[in-house]
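Counting begins at 1 with the first residue of the sequence. Not measured: the values here are computed from a predicted model.
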Amino acid sequence: MEPTDPYRQDIARELRAFRKGLGEPGADRLASLFYLTEALGEGEPERAFEELGRLREQFGRDPMTAIGAFFFLSGWGVGLGSVDERRHLYVRRYYAGDVSTPWRRAEKGIAELVALIRNRDESHRPTAFIGVIPGDRSFQIALGFDSAAVDWIEPQVYVNGEAYDLNLHVNKELDGKGKFGRQFVLPFVPLDTSVGSFDSMGNVRVTWRAKVWPVWSVFSWLDDPRMVPHTRTFANKSIEVSIRLYAIDGLPAGPIVGNRAAFAHLLTNGRGGHNQF
């Protein structure tokens with residue numbers, strides 16, 4: 001007997017609940033659907049709804065398909081006051097025979113969506129790499145972006161709060177596998193050595209509003225014990241990596257140790273499974 005997967009059952013149950021909603025679906029319809037929101041949006045209904053819309057774009061634009069029938073009965077692009085009204089509209093519009101036909105198709109679509117959601121793979125997401133390495137009272141930033149060509153949206157980069165133009169609109173390159181992959185090493189930026197303890201000496205912030213929530217990959221090499229890396233993510237698809245002073249009495253006048261050899265090795269040998277710089 002095939003073992004049951006409670007997680008799949010929970011996702012299927014909540015997809016059926018989503019299908020019953022009134023009118024056009026929105027993020028509010030996911031607010032009470034815990035498993036769907038966790039699986040698709042890491043607890044955020046807006047992210048989950050965006051990801052569900054992405055699945056519709058990829059697999060459910062045609063209402064004659066199983067996944068398409070599910071989204072039609074859910075009210076996507078249809079609205080109406082109940083799922084029964086949408087079933088009858090489906091029959092009239094697509095000559096489906098009787099009202100059980102769209103229901104059967106949508107049930108099959110739920111099973112297919114459960115499999116897609118259960119087996120989601122981060123390798124199909126856009127990936128941003130951020131490397132931050134200090135020099136002598138300065139720091140250097142390495143950036144890398146990988147995304148499906150059809151989904152390419154230009155990321156925004158800010159260094160110490162100032163917008164930095166990567167000129168990606170002319171430099172993006174297709175890697176031959178249906179993806180854009182582009183890497184950059186920025187010039188050294190002076191560290192602010194006048195800050196107080198635990199404050200930021202320098203930072204880079206990347207905002208990448210890709211259609212799919214990006215995977216952030218961060219590398220930082222700090223072998224001066226007076227400095228620590230600090231990473232924050234934000235709900236608007238942003239990440240900030242900063243170098244912070246970790247010294248109770250401030251930074252003395254001596255040189256700051258920065259492992260440039262390690263950074264050179266990083267640039268020479270690539271990013272561990274991603275395109276090389």
Side-chain angles (χ1 to χ4, degrees), residues 5-63 65-79 83 86 105-130 145-156 178-180 206-218 231-239 274:
D5 183 342
Y7 186 73
R8 286 177 180 264
Q9 294 174 345
D10 290 329
I11 293 293
R13 173 175 48 80
E14 292 195 348
L15 285 171
R16 292 186 179 98
F18 182 88
R19 182 177 57 186
K20 294 178 182 178
L22 305 180
E24 284 270 358
D28 57 335
R29 196 185 287 188
L30 287 166
S32 62
L33 303 180
F34 173 83
Y35 294 99
L36 269 179
T37 304
E38 283 294 317
L40 295 175
E42 297 182 357
E44 296 182 18
E46 292 79 13
R47 283 180 61 177
F49 184 72
E50 183 177 298
E51 188 68 14
L52 192 60
R54 173 67 178 168
L55 289 172
R56 177 183 177 270
E57 286 294 314
Q58 285 186 300
F59 305 104
R61 290 185 61 85
D62 182 2
T65 66
I67 293 179
F70 166 80
F71 282 108
F72 187 98
L73 294 193
S74 298
W76 217 294
V78 181
V83 67
R86 295 191 286 266
R105 286 180 186 167
E107 281 296 301
K108 183 180 179 183
I110 287 174
E112 293 177 6
L113 279 171
V114 167
L116 288 169
I117 294 169
R118 187 69 175 95
N119 301 316
R120 293 168 78 230
D121 187 348
E122 286 189 350
S123 66
H124 291 92
R125 293 174 169 272
T127 300
F129 169 84
I130 302 101
F145 303 97
D146 293 330
S147 175
V150 295
D151 294 335
W152 180 265
I153 293 176
E154 184 174 341
Q156 299 167 290
K179 286 190 175 183
F180 282 125
V206 177
T207 299
W208 198 9
R209 295 186 175 90
K211 293 181 180 180
V212 180
W213 205 270
V215 174
W216 304 112
S217 176
V218 178
T231 301
R232 291 194 300 166
T233 57
F234 302 86
N236 66 339
K237 299 182 180 177
S238 296
I239 188 169
H274 298 281

Checklist entry - Any side-chain heavy atom of Tyr35 sitting closer than 4.5 Å to one from Arg13? => result yes
Determine, step by step, whether Leu30 and Leu40 satisfy the side-chain contact (heavy atoms from CB on, under 4.5 Å) criterion, reporting the C-alpha distance in whole Å, the side-chain angles of both residues, the deciding distance to 0.1 Å, and the verdict. CA-CA 10 Å; Leu30 287 166; Leu40 295 175; 5.8 Å; no
- Task: Test side-chain contact (heavy atoms from CB on, under 4.5 Å) on Arg47 and Lys237 and set out the steps.
- Result: CA-CA 10 Å; Arg47 283 180 61 177; Lys237 299 182 180 177; over 6 Å; no
Checklist line | Note, Lys108 side chain near Arg105 side chain (heavy atom, < 4.5 Å) | finding: no
Heavy-atom nearest pair, Leu33 first then Glu14, reads C-OE1, 3.2 Å
Side chains of Ile67 and Leu116: does their closest heavy-atom pair fall under 4.5 Å? yes
* If we only count heavy atoms from C-beta on, is the Phe71 to Phe59 side-chain gap below 4.5 Å? -> no
For this session: Compare all side-chain heavy atoms of Leu36 with those of Ile117 and state whether any distance is below 4.5 angstrom.
Result: yes
Scanning both residues in full, the closest heavy-atom pair of Asn236 with Arg209 reads ND2-NH2, 3.5 Å
When you compare the side chain of Ile11 with that of Leu113, does any pair of heavy atoms fall below 4.5 Å?
no
d(Gln156 CD, Thr207 OG1) to nearest 0.5 Å is 5.5 Å
Charged N-O contact under 4.0 Å between Glu107 and Arg19 = yes
(message) Between Phe129 and Trp208, is the ring centroid distance below 6.0 Å?
(response) no
Correct closest heavy-atom pair for Pro25 and Phe18 would be CB-CZ, 3.5 Å
All heavy atoms of Ala27 vs all of Pro45, minimum pair found to be O-CB, 3.6 Å
All heavy atoms of Val83 vs all of Lys20, minimum pair found to be CB-CA, 4.5 Å
Problem - Carboxylate-amine/guanidinium contact Glu57 Arg61, below 4.0 Å - result: yes
*With the side chain counted from C-beta on, respond yes when Arg56 and Phe70 share a heavy-atom pair under 4.5 Å apart, and no when they do not.*
no
Output for pair (Glu24 CD, Ser74 OG), nearest 0.5 Å, gives 11.0 Å
side-chain contact (heavy atoms from CB on, under 4.5 Å) test vs Trp216 passes for just one of Ile130, Thr127, Thr231, namely Ile130
